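Reviewing the structure listed below.
In this text the structure is predicted, and so the values were computed from the model without any measurement. Throughout, protein chains are lettered first and strands after them, A, B, ... in sequence-line order, and every chain is numbered starting at 1.
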Number of protein chains: 2
Amino acid sequence: MRPTKRDELVEKALAAFYRNGFHATGMDMLASETSISKTSMYKHFRTKEELILAVLRLRDENFRNWLYRRIEELAATPQEQLIALFDALEDWFKEPGFRGCMFIKASSEYQDAGHPIHRQSADHKRMLETYVIGLAQKAGYRDPAALARQLLLLKEGAIVTAHLGHTERPALDAKQAAIALLESSEK
Amino acid sequence: MRPTKRDELVEKALAAFYRNGFHATGMDMLASETSISKTSMYKHFRTKEELILAVLRLRDENFRNWLYRRIEELAATPQEQLIALFDALEDWFKEPGFRGCMFIKASSEYQDAGHPIHRQSADHKRMLETYVIGLAQKAGYRDPAALARQLLLLKEGAIVTAHLGHTERPALDAKQAAIALLESSEK
DNA sequence: GACAAAGTGAACAGATCGGTCCATTTACTA
DNA sequence: TAGTAAATGGACCGATCTGTTCACTTTGTC
C-alpha cells in the first residue's frame, strides 16, 4: 500500500516546519516545496492549524519510536537504559539537520497554554514522562516519578542547549549529571 | 532624566514580543499597543530585526540583574547561592505573566545558528554560564565549569517544562536534583 | 517668541498571509 | 471503456506583513 498523498503532505510539511518554523512557513511555500497543490492541501486539512496538529502527531510517533528503539539498542537493562537515553540524545544532536525539539518550538510560537498546538506539545512530553517513569520503576527506584522528572529536566535542558549551541557537548554533560542522580537515588 | 521615547518603545515592545511571540507581533500592532507612531519606531530602528535585538539586550540586562539580586537576597554563601538559583526560578515561574525564556523562544523562531537574533540569545546563555561558573569556583568545587553546565541544564529544562506546563513544580524538581549533584561533586 | 528636533497620523507600496473557487486533468475502478 | 474521485494550476479574496513618504503638530531650547 503506497503512502497516500495526505501522508506525503504531512511528512514533507513536517520537514518544512521543523527547518523553518511555523509562522515563517506559509501555505504557498509549503505547496511549492511539497509539490502538492494548495487546493489539495486544503481538501485534506481545513486550516493550517489542523495541518500543524497532524504534523505534530506524526512527529510524536516518529520521535518516540526512534528514541525507544535506539535506547533498547544501546542498553539491555532498565537501569542502563535510563543512562542510554542521553547517548541517544547525543546521536540526535549530531544529525546534520538537528534544530532542537519540535514541541518546544511549537509551544514557543503558540504560547497560550490552552492553544491546541501548545496542549498537544505538552501531551508529547507527558508520554515521554510515562515512559521514563516505567524505566525507573523497573529499575527498582523508590520514587520513580521524581527521578524521571529530574532526568527529563536534564534531557530538555540538553536539547535547548544543543540548539542554542553555546556549549560543546550538552548530551555528555547531561549524561554525567544523570549518572550522579541515579547513584544518589534510593532503591 | 526621563526615559527617552526610544527606551519606552523598547520596553513596551519587550512586553508585546514576550507575550505574543516575534513573528506573530506585527509593527502595526506594536505601534497601536505602545502608542508610539510607526514613523517614530522606524526612525529609531531601521528594521524590525534591529528592534528585536535591542529588546533582547534589554531583556538580558533586566533578567540577569533580577536573577543575581534575587539569588543574593535568598542566600549568603556561594554554596547556598548555587541552590538559591532554583528558588529564584520558582519565584519567576509563579509570576502571572510567565511565558518561558525569551531567548529560547527567540532561537525557536530564528533558528539559523548564524542569525543575529539566535547568536544574541546564545550570548545571554554564555553570560549566565560565566556567572554560575564563578559561584561554583568560589564554592570551591574541583571542576566548576562542568558543575555549572550541569546545573544550567537543570535550569533550562525547568524553564521549558514550566512553560509547557505538563509538570507541577519543575523548579522544585530541579532544586532537588541540583542538591544531589552538589553533594556528589568533589571539592 | 523663533527655531530645530522629535513625534504624529494616515496613506501608500509591494509582498505575503490564510483561505476559496473553478475549470481542467489525472488516476483508479466498475 | 465509462464514470468517479482525487489532484491540479492559477486566479482571486481581504487582511496583514515590513517599510516608506509626507504634511502637520508638538516639544524643548536659546
Q: Choose from C:dC17, C:dG7, D:dC22 the nucleotide whose nearest atom is closest to any side-chain atom of A:Asp28.
A: C:dC17
Q) In terms of the angle between their ring planes, are B:His163 and A:His118 parallel, tilted or perpendicular, with boundaries placed at 30° and 60°? A) perpendicular
Q. Between B:His44 (NE2) and C:dA6 (C1'), how many Å, whole number?
A. 8 Å
Q. Does a side-chain N or O from A:Lys38 land closer than 4.0 Å to OP1 or OP2 of D:dA7, or not?
A. no
Q) Separation of A:Ile52 atom CD1 from C:dG18 atom P, in whole Å? A) 9 Å
**Q.** Rounded interatomic separation in angstrom, taking CD1 from B:Ile36 and C1' from D:dT26
**A.** 15 Å
(Q) Holding to side-chain hydrogen bond (donor to acceptor under 3.5 Å, both in side chains), I want the full list of residues that pass it with A:Arg64, two or more places apart in sequence or in another chain. (A) A:Asp60, A:Tyr68
Q: Only pairs at least two apart or in different chains count here, so list each side chain to side chain donor-acceptor pair (under 3.5 Å) that has a residue in residues 74-84 of chain B.
A: B:Thr77-B:Glu80, B:Gln79-B:Tyr141, B:Gln79-B:Lys187
Q. Closer than 4.0 Å, any side-chain N/O of A:Lys5 to the OP1 or OP2 of D:dA7?
A. no
Q.
What is the separation between atom NZ on B:Lys48 and atom P on D:dC17, rounded to the nearest whole Å?
A. 8 Å
Q | 5'-to-3' dot-bracket of DNA chain D (Watson-Crick, G-U; under 3.5 angstrom; crossing pairs as [ ]; | other strand) | A | ||||||||||||||||||||||||||||||
Q.
So if I take every side-chain heavy atom of B:Ser37 and compare against C:dG9, D:dA7, C:dT20, which nucleotide ends up nearest?
A. C:dG9
(Q) Can you tell whether the side chains of B:Arg126 and B:Asp123 come within less than 4.0 Å, N to carboxylate O? (A) yes
Q: Measure the distance from CZ on A:Arg46 to C1' on C:dG19 and round it to the nearest whole Å.
A: 12 Å
Q. For A:Lys43 and B:Lys43, take the nucleotide of DNA chain D holding the closest heavy atom to each; which residue's nucleotide lies nearer the 5' end?
A. A:Lys43
Q. Does a side-chain N or O from A:Tyr42 land closer than 4.0 Å to OP1 or OP2 of C:dT20, or not?
A. no
Q | Distance in angstrom units between B:Met27 CE and D:dT20 P, rounded | A | 10 Å
(Q) Which label fits B:Tyr110 and B:Phe22: parallel for a plane angle under 30°, tilted from 30 to 60°, or perpendicular past 60°? (A) perpendicular
Q: Mind running salt bridge (charged side-chain N to carboxylate O under 4.0 Å, His left out) on A:Lys105 and A:Glu109 for me, showing each step along the way?
A: CA-CA 6 Å; A:Lys105 295 191 291 184; A:Glu109 293 205 44; over 6 Å; no
Q | Distance, rounded to the nearest Å, where B:Leu30 contributes CG and D:dC17 contributes P | A | 11 Å
Q | Whole-Å distance separating the CZ atom of A:Phe22 from the P atom of C:dC17 | A | 16 Å
Q) Which nucleotide in the set C:dG18, D:dT18, D:dA7 lies at the smallest distance from any side-chain heavy atom of A:Ser40? A) D:dA7
Q) What does B:Ser35 touch in the nucleic acid at a heavy-atom separation under 4.0 angstrom: a base, only the sugar-phosphate, or nothing? A) sugar-phosphate
Q. Can you find a donor-acceptor pair, distance only, under 3.5 Å between B:Thr39 side chain and C:dG9 base?
A. yes
Q) Salt bridge check: are B:Glu129 and B:Lys125 linked by an N-O gap of less than 4.0 Å? A) no
